[in-house]
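Just below is one structure, and these are the notes that go with it.
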2 protein chains.
Amino acid sequence: MSTPERLIESTRELLWERGYVGTSPKAIQQRAGAGQGSMYHHFSGKPDLALAAIRRTAEELRAAAEERFAVPGTAVERVTAYLRREREVLKGCPIGRLTQDPDVMADPVLRAPVDETFAWLRARIADVLAEGRDRGELDAGLDPADTASTVVAVLQGGYVLARAAGSEEPFRRAVDGVLGLLAAHATTGHRAD
Amino acid sequence: MSTPERLIESTRELLWERGYVGTSPKAIQQRAGAGQGSMYHHFSGKPDLALAAIRRTAEELRAAAEERFAVPGTAVERVTAYLRREREVLKGCPIGRLTQDPDVMADPVLRAPVDETFAWLRARIADVLAEGRDRGELDAGLDPADTASTVVAVLQGGYVLARAAGSEEPFRRAVDGVLGLLAAHATTGHRAD
DNA sequence: GTCTATAACGGGATAGAC
DNA sequence: GTCTATCCCGTTATAGAC
């Protein structure tokens, strides 16, 4: 892997583990096995590297999500596939965590990919749910946009609860809980199976 | 307000705004209008002050939540009162955000109040829901513990989405969404009112 | 109790040699 | 392209005077 590639990958890992404020150029260099001069040759500084790292992580997240939504099946099945997809629960969401980073939120350039990722995700899930409703799979009284926000929030909040507890359990429960609630709105579904 | 009090309050604010890693003793002192010597006279250092601040914030959160749960009404009404309570949505949850702070999570002493707060909250909401179920207000098929985790996750995730979007809208939608889902499980409720 | 000095260390970056 | 040297500043204290 080229030096710029290694620097970006190291930054991605550290951003995930320690956040932007908690990540120093020195730590990035050491993990990448690159010197100071090398890093500053390829990138203008910490914000530049972080931008490259965040963009790549956002793209990956989007691709991984789209993979589940594109699958054939009912709307609830597709959302379930997304929610139950394998995740590193205790590490949290690499994009969601940036939301708590004051320096990221203060910089419109760094913030944009975070904003766009969640906007896309909410809209995409709303589409899946609206499709399910139009097909008659889902209760017509269910608001696709609201419910999509709920689904994404359960995921992001599930990470928070898991990290607080030091266990994946609350994450699993939160996901099971929302799927249980959703099941009652599936017009072909059963309430207590 | 006494100097120790001002130091604790300043720390609470900064922890909320910038997190533990992003908060320096110097910033705390300046906001509190206290000198270095004064701070180190009353507290052994940054972790000690942070512990006092976190404990107080956790207590307040718990008291504010209990206030809503203790109100008379159906389980869904009490959970709704909690979810719709006035909040500084764009600032996020002062306890939940600590979950993303590597230095807080690495220190068992600082981490404990965070863990305990969410454990209490999930259990408390599960109790409210179980009570509603036993009273026949709620669908017997609904799992109180899972649903409680979902409710707390929606809140925590709602904060994340709101901060990402720079708007309270996704938070409101996520809350409306979960309440809409929950309504269908209220045995006396109506689906599409 | 509060103040000022001092210090060891790391963050974030620049300069110029190789 | 990569390396080492250097720099300035902020962090997180400690020491001792007042």
Side-chain angles (χ1 to χ4, degrees), chain A residues 1-56 97-98 100-111, chain B residues 1-56 97-98 100-111:
Chain A
M1 199 163 31
S2 69
T3 298
E5 274 305 308
R6 288 201 321 276
L7 285 164
I8 292 175
E9 288 304 311
S10 299
T11 304
R12 297 215 300 148
E13 292 170 16
L14 283 163
L15 245 34
W16 197 358
E17 293 167 16
R18 303 197 41 85
Y20 184 84
V21 174
T23 295
S24 69
K26 182 180 233 175
I28 295 171
Q29 294 151 24
Q30 286 175 339
R31 190 171 293 212
Q36 303 248 20
S38 189
M39 178 189 133
Y40 283 102
H41 173 75
H42 294 289
F43 298 92
S44 71
K46 179 176 165 178
D48 189 29
L49 238 180
L51 180 60
I54 293 172
R55 280 191 175 145
R56 181 170 302 178
R97 79 153 298 149
L98 298 174
Q100 304 297 335
D101 236 305
D103 292 5
V104 171
M105 298 314 276
D107 182 340
V109 175
L110 291 181
R111 187 204 174 119
Chain B
M1 198 162 32
S2 70
T3 298
E5 273 306 306
R6 289 201 321 276
L7 285 165
I8 292 176
E9 287 305 310
S10 299
T11 305
R12 297 215 301 148
E13 292 170 17
L14 284 163
L15 245 34
W16 197 358
E17 292 166 17
R18 304 198 39 87
Y20 184 85
V21 175
T23 295
S24 70
K26 180 181 231 172
I28 294 170
Q29 293 150 25
Q30 287 175 340
R31 189 170 293 212
Q36 302 250 20
S38 188
M39 177 189 134
Y40 283 102
H41 174 74
H42 295 288
F43 298 93
S44 72
K46 180 176 164 178
D48 188 30
L49 238 179
L51 180 59
I54 293 172
R55 281 192 175 147
R56 180 169 302 179
R97 80 152 298 149
L98 298 174
Q100 304 297 335
D101 236 304
D103 291 4
V104 171
M105 297 315 275
D107 182 340
V109 175
L110 291 181
R111 186 204 174 119

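Lettering follows sequence order; numbering is per chain, from 1. Just so you know, these numbers use all the heavy atoms, side chains as well, and skip hydrogens, waters and symmetry mates.
Between B/Met105 and B/Leu98, the shortest heavy-atom distance links the atoms SD-O, 3.9 Å. Heavy-atom minimum distance, B/His42 versus B/Pro4: ND1-CG, 3.5 Å.
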Working note: B/Arg6 + B/Glu9, criterion salt bridge (Lys or Arg N to Asp or Glu O under 4.0 Å); need CA distance, chi angles, decisive distance, verdict. CA-CA 5 Å; B/Arg6 289 201 321 276; B/Glu9 287 305 310; over 6 Å; no

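The interatomic distance linking A/Ile28 (CD1) with C/dG10 (C1') rounds to 14 Å, in whole Å. To the nearest angstrom, P of C/dG12 lies 16 Å from CZ of A/Phe43. Between the OH atom of A/Tyr40 and the P atom of C/dG11 there is a distance of 11 Å, rounded to whole Å. For the pair A/Gln29 CD and D/dT2 C1', the computed distance is 12 Å after rounding to whole Å. Spacing between atom CG of B/Asp103 and atom P of D/dT11 amounts to 14 Å, rounded to whole angstrom units. Rounded to a whole Å, the CZ atom of B/Arg18 is 12 Å from the C1' atom of D/dG10. With rounding to whole Å, A/Lys26 atom NZ is found 13 Å from D/dT6 atom C1'.
One distance of note links CG of B/Leu7 with OH of B/Tyr40; it measures 11.0 Å at 0.5 Å rounding.
At a threshold of 4.0 angstrom between heavy atoms, the contacts of B/Ser2 with the nucleic acid are absent.
Across C/dG12, D/dT12, C/dT2, the shortest atom-to-atom separation from the side chain of A/Lys46 is found for C/dG12. With distances taken from any side-chain atom of B/Pro47 to the nucleotides D/dT12, D/dA13, D/dG1, the minimum falls on D/dA13. Closest to the side chain of A/Ser38, out of D/dT2, C/dC3, D/dT14, is D/dT2. Checking D/dT12, D/dT2, C/dG11 against the side-chain heavy atoms of A/Thr3 singles out D/dT2 as nearest. Out of D/dT12, C/dT14, C/dT2, the shortest distance to the side chain of B/His42 is found at C/dT2. Comparing C/dG12, C/dT2, D/dG1 against the side chain of A/His41 picks out D/dG1 as the nearest.
Two residues, A/Gly37 and A/Ser24, neighbour DNA chain C, and the one matched to the more 5' nucleotide by heavy-atom proximity is A/Ser24.
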